[in-house]
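Letters A, B, ... mirror the listed sequences (proteins, then strands); counts begin at 1. These figures come from a predicted structure and were not determined experimentally.
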Number of protein chains: 2
Amino acid sequence: MLFEVKNDTPGLMNLRELSERLNLSQTTVSRALNGYPEVSEQTRKRVAAAAKEFNYRPNIRAQRLATGRSMSIGHIIPLSKQNEMVNIVFADFIAGAGEVYARHGYNMSLSLVRDEEELNAYRGVAEKGAVDGIIVHSPARHDPRIAFLAELDIPFLVHGRASEVTTPYAWLDVNNKRAIETGTRHLLELGHRRIALVNGEERMDFAQRRREGYLAALCGADVPPDPGLMRSNEMSEPYGHAAAHEMLDRSAPPTAFVASSIVSALGIRRAIQERGLVMGRDISVLCFDDEISYLPNGQTTPVFTAMRSSVRAAGRRCAELLIDQITHPDQELRTELWDAELVIGPSTGPCP
Amino acid sequence: MLFEVKNDTPGLMNLRELSERLNLSQTTVSRALNGYPEVSEQTRKRVAAAAKEFNYRPNIRAQRLATGRSMSIGHIIPLSKQNEMVNIVFADFIAGAGEVYARHGYNMSLSLVRDEEELNAYRGVAEKGAVDGIIVHSPARHDPRIAFLAELDIPFLVHGRASEVTTPYAWLDVNNKRAIETGTRHLLELGHRRIALVNGEERMDFAQRRREGYLAALCGADVPPDPGLMRSNEMSEPYGHAAAHEMLDRSAPPTAFVASSIVSALGIRRAIQERGLVMGRDISVLCFDDEISYLPNGQTTPVFTAMRSSVRAAGRRCAELLIDQITHPDQELRTELWDAELVIGPSTGPCP
DNA sequence: GAATCACTTCAAAGCGCTTTGGATGCCGGA
DNA sequence: TCCGGCATCCAAAGCGCTTTGAAGTGATTC
């Protein structure tokens, strides 16, 4: 590290200078600005006026060192080949969380790290106070990050769950099993029997739970699951497209699809149309809809029949829960399970 | 601010303790750890071993205060109703930039702020050193942020350009005009005359330039532009869908569409299909393709004929340029103009 | 033997804030 | 008159690091 210490923000005043100019101590000025009670109203006004006049702004770095709090929340994103970060769902989550951070004076610190460095990144970020708390994204069923963070003793909250982790932790999740079970049952009630599942990667916890829901619904209707009708991969448009084509090529093609994401549902729709079939009449499609801003499921009326739960709202709520945990460290770990809502669109219909 | 100073990371050692344990001064230990030359190899090893043994990790907050550098880059995202942040293009940009940050030891600080507070956010973030540099996203033609940041005297780089801003600034942009001009000309060469433009919001600089390119191509082919064939809005799927339907309802409907984004192109395709038309045969569609990870334009062969330029690569490059600017503050402001590449897919064909 | 030099190491002074633990002055009650 | 209490304000001690400027070693040179 061969950098010079630069005269930081040269034109600007620091607390000492400001207090000298006011003939007050730094203590008093600091207290006046931070709203402490042991300052007379008159001085407080005088200080505020001077701060404004001289365009004083406390140095955040100094503040952070002195208070021991960084006022920022870490999001560590694994940067795999199949890039989790870029998941468009993630962007909406971040937007929701960011809103809440802004309201509470926090900011968001994003680190993208290569998979093999992820645990180290958590340590680096958390251990010596670059952030006050961490949000864990996309937990796998057996996710090492949770025990790791628990041991680091830093507040964190998981968006999703990790079924095989026994360490207690705070989380917020959608009831994925119930959601897909409800959706699948809806298709069964429409008479479908060969229902395909175009799932996300099943090392992800949510994908596993969705499969469980799918299987539970089939089981409840005495429909034996067909392994040939179940796919699992990263939820992209081409994946949905390819999976649909492959399955529709089978001798006993599915009459309905359950897609884990609206993105892969778009691919499924494309495949259906390429075959000259009509979605909703010849083939039904139901998907999980995270209410992604740029890919809304229709404006007023839905395009896809879907299990709906806003990921943006989840982001907001996760941020609130985490900030609460940071400011009240002694409270119990909280968890929240949200239910997705079934919305009916023209993409599903009775089994032909 | 009524928080206690908490004993920060209690179990961990700080520099003083570590140096006492080693019978060395803090100076020497600090230098040994930071790779300064004036430390003997032997001591360096001894220090490294002890640091590892006691799991020492420097306090980032203290480091930041002492060095005057925060080792983070700010991205401030306006949080409008029509949420820029959530722009899926943005997520890919961030992913690219994040890669580079990670490699250089920087991290990314994201703040989402309401529109009316945006300038204040820049000030707050930059003025007293929460970040070492800033990336400006989605500049408008007449963007106040640029002059503002220039005055704050903090390194920043604009992704895009702001045509009406005279202050010099560093930027990286795609040659939007040439890209869309090329694309439109391609359609003209296929015999199309009624070509619709489904553009982004034209207060955005890139959208204006794209329209210029569109008009230039029409002009070059002596095709008078038809205002009824030009739309401008935030580039969502439903917008593309609605715009396409409206224009196809006209008495003289377009035979081809130029879309500013693959997202709106998806909507256009949906509309075409809903009308029982075939894309590429009855109606041609060409779009700008930012190579969004989750919405790739086909796998090996493109689905849409497109002008292609990776926004993720742009993110990477912006990060590099900015870091370079931070580490070499005296160099001249740099700019880069990238060309998009025309790729041909089945979505375009001769005018029927 | 003194002077020079390269190599190591160190004490102490910041960085700019917050917070502790008093001081000071003023008032009313005993 | 004295004392306690209240309202204000302050000096100084951190927070945990980096960096300056100087000093202590030997070894080498003249």
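Applying the salt bridge (Lys or Arg N to Asp or Glu O under 4.0 Å) test to pairs two or more places apart or on separate chains, none has a residue in residues 103-113 of chain A. Applying the salt bridge (Lys or Arg N to Asp or Glu O under 4.0 Å) definition to pairs two or more places apart or across chains, those involving residues 15-35 of chain B are B/Arg16-B/Glu20.
A distance-only check finds no donor-acceptor pair linking the side chain of B/Arg316 to the backbone of B/Gly96 [under 3.5 Å].
Contacts of B/Gln63 with the nucleic acid, taken as non-hydrogen atoms under 4.0 Å apart, involve only primed sugar atoms and P, OP1 or OP2.
Using the six-membered ring where Trp is involved, B/His137 and B/Phe90 have ring planes that are perpendicular, over 60° apart on the 30 and 60° scheme.
Not a single side chain to side chain donor-acceptor pair (under 3.5 Å) links B/His159 to another residue, sequence neighbours left out. Every residue two or more places apart in sequence or in another chain was checked for a side chain to side chain donor-acceptor pair (under 3.5 Å) with B/Ser19, and none qualifies.
For B/Leu15, counting side-chain heavy atoms from C-beta on, the closest listed nucleotide (C/dT9, C/dG16, D/dC17) is D/dC17. Which of C/dT8, D/dC9, D/dT18 sits closest to the side chain of B/Ala66 comes down to D/dT18.
In the helix from C/dG1-D/dC30 to C/dA30-D/dT1, the terminal helix axes, each the rotation mapping four pairs' C1' atoms onto the next four within five end pairs, subtend 70°, rounded to 10°.
At C/dC15, none of the side-chain N or O atoms of A/Asn14 fall inside 4.0 Å of OP1 or OP2 (strictly under the cut-off). For C/dC17, the OP1/OP2 oxygens have a side-chain nitrogen or oxygen of A/Tyr56 closer than 4.0 Å.
Here CD of A/Glu99 is found 12.0 Å from NE2 of A/His104. Values are rounded to the nearest 0.5 Å.
Near DNA chain C, meaning a heavy atom under 4.0 Å away, the residues from residues 23-32 of chain A are A/Gln26, A/Thr27, A/Ser30, A/Arg31.
Distance, A/Arg46 CZ to D/dC9 C1': 12 Å, rounded to whole Å.
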Under the side chain to side chain donor-acceptor pair (under 3.5 Å) criterion, do B/Asn107 and A/Ser111 qualify, and how do the steps go? CA-CA 6 Å; B/Asn107 72 349; A/Ser111 328; 4.5 Å; no
